[in-house]
There are 2 protein chains.
Amino acid sequence: MFKKVVLVEDFQGENQGIAETLTEKLAIEELQSEFYCDKAFNRLKVALKKNEPYELMVTDLFFEKDHVDRKLTSGQELIKVARAQQPELKIIVHSMENNPSHVNALFKEDKINGYVCKGRRGMVELVNAVNEVFHNRTFVSPQLNLTAANNSFELDAFDRAILKELANGLTKKEVSDKFKKENRTPNSESTIDKRISKLYDEYKAKNTTSLLFKLAKEGKI
Amino acid sequence: MFKKVVLVEDFQGENQGIAETLTEKLAIEELQSEFYCDKAFNRLKVALKKNEPYELMVTDLFFEKDHVDRKLTSGQELIKVARAQQPELKIIVHSMENNPSHVNALFKEDKINGYVCKGRRGMVELVNAVNEVFHNRTFVSPQLNLTAANNSFELDAFDRAILKELANGLTKKEVSDKFKKENRTPNSESTIDKRISKLYDEYKAKNTTSLLFKLAKEGKI
DNA sequence: TAATCCCTTACAGGATTCTGTAAGGGATTT
DNA sequence: AAATCCCTTACAGAATCCTGTAAGGGATTA
């Protein structure tokens with residue numbers, strides 16, 4: 001089993017619960033709990049310099065802002081710098097995020113080794129995940145695969161660009177003008193209209209307002 | 001100190017961490033952990049019938065849906081029925097919710113005794129909260145008071161009703177018609193127009209779309 | 001080369017939104 | 001009682017949204 005593990009989780013209760021699970025159920029000998037991404041990255045760096053690197057990092061994705069200044073503001077940023085510094089580090093993400101496309105991106109872009117959803121079986125799954133990752137396999141919470149089949153549709157860059165401007169209160173004509181001014185293409189009002197209409201169908205929205213609301217609620221934008 | 005406590009929290013890690021804190025830091029003798037509101041309410045009911053009632057309930061507000069059928073779907077619903085059944089029960093809410101108006105409503109309407117935000121000092125604050133509540137005082141996480149000063153504006157019931165329908169994609173005329181049909185007043189299209197225009201000013205939104213988007217992002221609706 | 005498909009663009013008309021003016025009624029103040 | 005304030009309601013015009021039709025161009029296929 002892993003001997004040296006760092007845990008990065010800003011909720012004190014969750015942090016404590018995970019720590020207990022890792023030390024008691026999995027007999028991790030050296031567990032370091034951190035509440036900030038920056039501190040966790042420092043731990044990794046120092047340990048690596050001493051030639052006593054951490055073997056596994058368990059991290060959340062979202063970290064609440066508080067009075068402390070910070071460079072790394074999210075788990076994903078932490079993962080990127082940690083991966084760059086120590087490519088062989090095993091990484092398991094433990095988060096509330098349940099959007100399959102985001103999770104897929106973490107596996108593909110950031111080469112994480114496991115993903116566990118916070119939930120009623122979070123600790124049971126985490127134990128499984130650590131065991132799987134220890135044996136060089138990957139782990140994904142089962143409920144995630146189910147939802148992956150549902151919403152296979154993805155917003156592309158053009159969709160996101162339009163939606164971002166609409167969310168800021170621009171009219172479609174203003175979006176078109178802005179795109180033209182910035183030499184982004186396609187940019188005609190008609191094409192933008194068409195794109196949005198397609199999104200209405202895909203998300204079963206009746207108009208721009210309900211579309212943006214739904215997407216915001218689902219955390220897609 | 002309290003002897004008999006029920007903890008209601010659906011995240012396994014968080015549940016475990018809180019349980020450890022309550023039993024070790026506060027020496028609670030009889031702690032019952034639950035992951036569903038319905039089960040927690042049953043515990044309370046049975047204990048009361050046996051004349052061995054619980055003294056304190058620590059509960060979350062949001063509970064994830066899963067395969068299990070449920071009557072009580074939120075902490076607030078649990079609190080209402082628990083209060084009705086056992087008025088002297090002490091209740092501490094431990095949640096991510098950081099909207100001061102929601103928390104105020106919990107104190108006023110549901111007579112909760114303490115409110116602790118999940119966060120980096122969640123367990124420290126929970127220990128304080130339990131101590132305060134044990135001595136018949138109330139407790140609120142300090143960071144909540146700070147944010148309370150910021151956004152003094154509140155959405156009233158009429159605002160919320162309008163926004164809910166707009167979010168579903170209804171036009172203002174349809175909202176007006178629906179209100180008339182349901183004998184809700186005021187209901188004229190003009191008045192609804194006026195209300196929404198006022199919200200534009202208050203939330204610095206340019207149109208319905210940006211208004212709904214902003215409110216959704218801030219979690220106000 | 002011709003046929004086909006898909007994306008982009010233009011235009012147009014009916015529905016809806018946004019904003020302003022104005023009138024009426026209830027509550028409070030003077 | 002009169003004045004004032006606030007909320008509700010009506011109406012109207014300009015801007016914007018939504019949807020449909022249609023045309024042009026690039027890429028792929030026959």
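Computed from heavy atoms alone, side chains included, the values below leave out hydrogens, waters and symmetry copies. Lettering of chains follows the sequences in order, A, B, ..., and the numbering in each one begins at 1.
- In this structure, the CD atom of B:Glu189 is 12 Å from the C1' atom of C:dA15, given to the nearest Å.
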Please write out the pairs of protein N or O atoms and N or O atoms of nucleotides 20-27 of chain C separated by less than 3.5 Å, giving the distance to one decimal.
unit_1 : atom_1 : unit_2   : atom_2 : d
C:dT21 : O4     : B:Lys194 : NZ     : 3.2

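- Atom NZ of B:Lys206 is separated from atom P of D:dT16 by 11 Å (rounded to the nearest Å).
- Looking at A:Tyr200 and A:Lys206, their side chains never come closer than 4.5 Å, going by heavy atoms from C-beta outward.
- Of the residues in residues 167-181 of chain B, none lies under 4.0 Å from DNA chain D by heavy-atom distance.
- Note: CG (A:Asp159) to P (C:dT8) measures 10 Å, nearest angstrom.
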Taking only distance into account, with no hydrogens and no angle test, what donor-acceptor pairs under 3.5 Å do side-chain atoms of residues 105-114 of chain B form with protein atoms, sequence neighbours excluded?
unit_1   : atom_1 : unit_2   : atom_2 : d
B:Asp110 : OD1    : B:Lys80  : NZ     : 2.8
B:Asp110 : OD2    : B:Gln76  : NE2    : 3.1
B:Lys111 : NZ     : B:Lys108 : O      : 3.1
B:Asn113 : OD1    : B:Arg83  : NH2    : 3.2
B:Asn113 : OD1    : B:Ile91  : N      : 2.7

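- Checked against ring pair (Phe, Tyr, Trp, His ring centres under 6.0 Å), B:Phe2 has the following partners two or more places apart in sequence or in another chain: B:Phe134.
- Atom CZ in B:Arg195 sits roughly 14 Å away from atom C1' in D:dT9 (whole-Å rounding).
- The stretch residues 207-214 of chain A does not touch DNA chain C, since none of its heavy atoms comes less than 4.0 Å from the strand.
- Remark: B:Lys173 engages B:Asp177 in a salt bridge (Lys or Arg N to Asp or Glu O under 4.0 Å) (not counting sequence neighbours).
- Between the NZ atom of A:Lys198 and the P atom of D:dC18 there is a distance of 17 Å, given to the nearest Å.
- Applying the side-chain contact (heavy atoms from CB on, under 4.5 Å) criterion to A:Ser190, with sequence neighbours excluded, gives A:Ser188.
- Applying the salt bridge (charged side-chain N to carboxylate O under 4.0 Å, His left out) rule to pairs touching residues 35-45 of chain A yields A:Glu34-A:Arg43, sequence neighbours excluded.
- The ring pair (Phe, Tyr, Trp, His ring centres under 6.0 Å) check on A:Phe62 picks up nothing, with sequence neighbours excluded.
- In this structure, A:Ile196 places its CD1 atom 18 Å from P of C:dT16, rounding to the nearest Å.
- Each salt bridge (charged side-chain N to carboxylate O under 4.0 Å, His left out) pair with one or both residues in residues 60-75 of chain B, not counting sequence neighbours, appears once here: A:Arg120-B:Asp66, B:Asp60-B:Lys118.
- Applying the salt bridge (charged side-chain N to carboxylate O under 4.0 Å, His left out) test to pairs two or more places apart or on separate chains, those with a residue in residues 122-142 of chain A are A:Glu132-A:Arg137.
- Annotation: side-chain contact (heavy atoms from CB on, under 4.5 Å) contacts of A:Asp193 (sequence neighbours excluded): A:Lys172.
- One atom, OH of B:Tyr200, and another, C1' of C:dC18, lie 7 Å apart when rounded to the nearest Å.
- The pair A:Asp156-A:Arg195 meets the salt-bridge criterion, with a side-chain N (NZ, NE, NH1 or NH2) lying under 4.0 Å from an Asp/Glu carboxylate O.
- Taking atom CG of residue A:Leu199 and atom C1' of nucleotide D:dC17, one finds them 15 Å apart after rounding to whole Å.
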